[in-house]
Amino acid sequence: MPADDERARIRAVTRMLTERYGVVLDDIVLRTWDNRSVDLTFGMLASALSASGGDAEDADLWAVARAVSHGEELPPMVQRAG
């Protein structure tokens, strides 16, 4: 995948997460993007959300962690704001 496409995908993911949770998670996404460690990514996302006063359903956050840790777009259930 060309680097520009990957950067665009990362930007789209971080934008969607900010809209959904009201917390900027760019640093977590950048550090864990395509790291293949779902557990680590989940822990970092959950920690960042908790520290910022944000909240997420565990199932939703696991889906986010799987997508980010595999360098993929967010699944549709996560893309919905609310």
Side-chain angles (χ1 to χ4, degrees):
M1 165 185 308
D4 288 343
D5 290 348
E6 187 151 13
R7 281 192 290 273
R9 185 182 297 156
I10 292 169
R11 278 193 302 275
V13 166
T14 58
R15 187 173 35 253
M16 284 183 226
L17 292 177
T18 300
E19 289 171 6
R20 176 148 182 103
Y21 301 122
V23 175
V24 176
L25 299 167
D26 297 12
D27 187 46
I28 304 299
V29 171
L30 288 171
R31 286 192 285 160
T32 60
W33 186 259
D34 204 19
N35 70 357
R36 303 290 187 215
S37 179
V38 178
D39 291 338
L40 173 66
T41 302
F42 176 86
M44 291 177 76
L45 288 167
S47 235
L49 279 171
S50 178
S52 300
D55 189 33
E57 294 291 324
D58 276 356
D60 197 36
L61 204 55
W62 278 112
V64 170
R66 276 190 295 278
V68 169
S69 67
H70 288 89
E72 300 170 352
E73 295 178 11
L74 298 180
M77 66 175 263
V78 178
Q79 292 179 0
R80 287 195 310 263

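Across Glu73 and Ala67, no two heavy atoms sit closer than the pair O-CB, 3.5 Å. In plain terms, the two heavy atoms of Leu25 and Ala48 that are nearest each other are CD2-CB, 3.7 Å.
Under the side chain to side chain contact (heavy atoms under 4.5 Å, CB included) criterion, Thr18 pairs with Val24, Asp26, sequence neighbours left out. Residues satisfying the side chain to side chain contact (heavy atoms under 4.5 Å, CB included) criterion with Asp58, sequence neighbours excluded, are Phe42, Trp62.
Between the side chain of Ser52 and the main chain of Leu49, no donor-acceptor pair closer than 3.5 Å is present. Looking at Thr14, its side chain does come within 3.5 Å of a backbone N or O of Arg11 through a donor-acceptor pair.
Here the CZ-CG distance, from Arg20 to Leu61, works out to 10.0 Å after rounding to the nearest 0.5 Å. In this structure, Ile10 CD1 and Asp5 CG are separated by 11.0 Å, a value rounded to the nearest 0.5 Å.
Residue pairs meeting the side-chain hydrogen bond (donor to acceptor under 3.5 Å, both in side chains) criterion with at least one partner in residues 32-46, sequence neighbours excluded, are Glu6-Trp33, Asp34-Arg36, Asn35-Thr41.
The closest side-chain heavy-atom distance from His70 to Val38 is below 4.5 Å. Between Val64 and Tyr21, the closest side-chain pair of non-hydrogen atoms falls below 4.5 Å.
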